[in-house]
There are 2 protein chains.
Amino acid sequence: MAITRKTTRASPPRKSERTQATIVEAATRVFAARGYDAAGMRDIAAAAKVNPALINIYFGSKAALFRQVVDRALSHAEMIEGDLDQLAERWASFTITGISRDRKRMQASKRALQLLMRSAGSDTARLTVRDIISEQIVDRVATRLHGAHAQERAALIATYLLGFAMMQRVIGIKALAEGDSDSCVRYLTQAIQRCIAGEP
Amino acid sequence: MAITRKTTRASPPRKSERTQATIVEAATRVFAARGYDAAGMRDIAAAAKVNPALINIYFGSKAALFRQVVDRALSHAEMIEGDLDQLAERWASFTITGISRDRKRMQASKRALQLLMRSAGSDTARLTVRDIISEQIVDRVATRLHGAHAQERAALIATYLLGFAMMQRVIGIKALAEGDSDSCVRYLTQAIQRCIAGEP
């Protein structure tokens, strides 16, 4: 879902797009910091410096805005393309070392993971996160896999990567955050490669 | 940390132990449902049907009570014992199918995972979860492993198992919750076995 779709409204498209992007950006911060239930539309409007009514005009509801936020935060479409033989290593090294070497990316990743983890506290949020992980990650990866149980294998790959990211970046397990990252990349690559190849 | 340690107080040990266990049980439910910050000592006392002052007498503070709760929820000491050759398969099948076939265990597991995921919203809770995963799971598994990078390998095993459990039971990814579980057990066993054997 692109943020730019709902732009057939009164204000000129370019300004409207910018405003929507600003709202999504602010909402990401507020949802990550407070969790879905505690984040109010007024807090988000204040963080985005827009009139609260604008959020309803652009997104319709808090639930719909949250969906856009999670969709953007968990979207790694470009990660799924490319040579199948190199995906395992690419995913593992991007998750383990690639993100952490870029401060801005690291911050965005932490927020996405916080959104994901804090969704456990709300049914609306949890179901949104479930749908978006399923559609954006599991289904897309599964279409790239040959052989039986492609959905299960794709879901396991998502589990390994998101599990690692949560434990390293949000929980802060020392061996993952400060340990030998080359070694972690090798083990994770191998685990993912088995799922790609369809060889348990 | 056993719940039964702080029992050198006025009331007879057995009743005191039972009361403490009741408080920890109630606190587990309240923390899992509300998250650390929103859970009040009064709510926990009400859920446990005890005087709020008793909680302070037994546990000292909300932070200390939370530590006991997480310690109990994430403690799987018996899982770490046994023949090293069979640990990978035992962990994978217990996590994937063993727990979900037992309603009570499944409920307890869901609560433990919710505690873990919701800890992302609070620094106190997150650091407690980090310490307990490190001490109760990573360190203990690491002492059983031979060869280099035992801490990293143990942390990866914890990542695979907790990652799977979160995605299956809390987020509810369909391929993991309703897909071919034998196939998932085989892939997960293989990923863990590599970490145990020290062969990436």
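To find a chain, count down the sequence lines: A is the first, B the second, and so on, and within it residues start at 1.
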Task: Candidate pair B/L162 and A/I171, rule side chain to side chain contact (heavy atoms under 4.5 Å, CB included), full reasoning - done: CA-CA 12 Å; B/L162 289 172; A/I171 305 285; over 6 Å; no
Which donor-acceptor pairs sit under 3.5 Å apart between chain A and chain B?
{"from": "A/R126", "atom 1": "NH1", "to": "B/V170", "atom 2": "O", "distance (Å)": "3.4"}
{"from": "A/E152", "atom 1": "OE2", "to": "B/D180", "atom 2": "N", "distance (Å)": "2.6"}
{"from": "A/V170", "atom 1": "O", "to": "B/R126", "atom 2": "NH1", "distance (Å)": "3.4"}
{"from": "A/D180", "atom 1": "N", "to": "B/E152", "atom 2": "OE2", "distance (Å)": "2.6"}
{"from": "A/Y187", "atom 1": "OH", "to": "B/G198", "atom 2": "O", "distance (Å)": "3.3"}
{"from": "A/G198", "atom 1": "O", "to": "B/Y187", "atom 2": "OH", "distance (Å)": "3.4"}

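- In this structure, the side chains of A/L156 and B/M167 stay at 4.5 Å or more apart for every pair of heavy atoms.
- Cluster membership check: A/L127 does not share its hydrophobic cluster with A/F66, using side-chain heavy-atom separations under 4.5 Å among Ile, Leu, Val, Met, Phe, Trp and Tyr.
- At a 4.5 Å heavy-atom cutoff, the contact between A/L116 and chain B is made by backbone and side-chain atoms alike.
- Heavy-atom distances place both the backbone and the side chain of A/A158 under 4.5 Å from chain B.
- Interface residue B/L188: backbone and side-chain heavy atoms are both found under 4.5 Å from chain A.
- Contact tally against chain A (heavy-atom pairs below 4.5 Å) for B/A33, B/G179, B/A148: the top residue is B/G179.
- The candidate with the highest count of non-hydrogen atom pairs below 4.5 Å against chain B, out of A/G163, A/G35, A/A38, A/P200, is A/P200.
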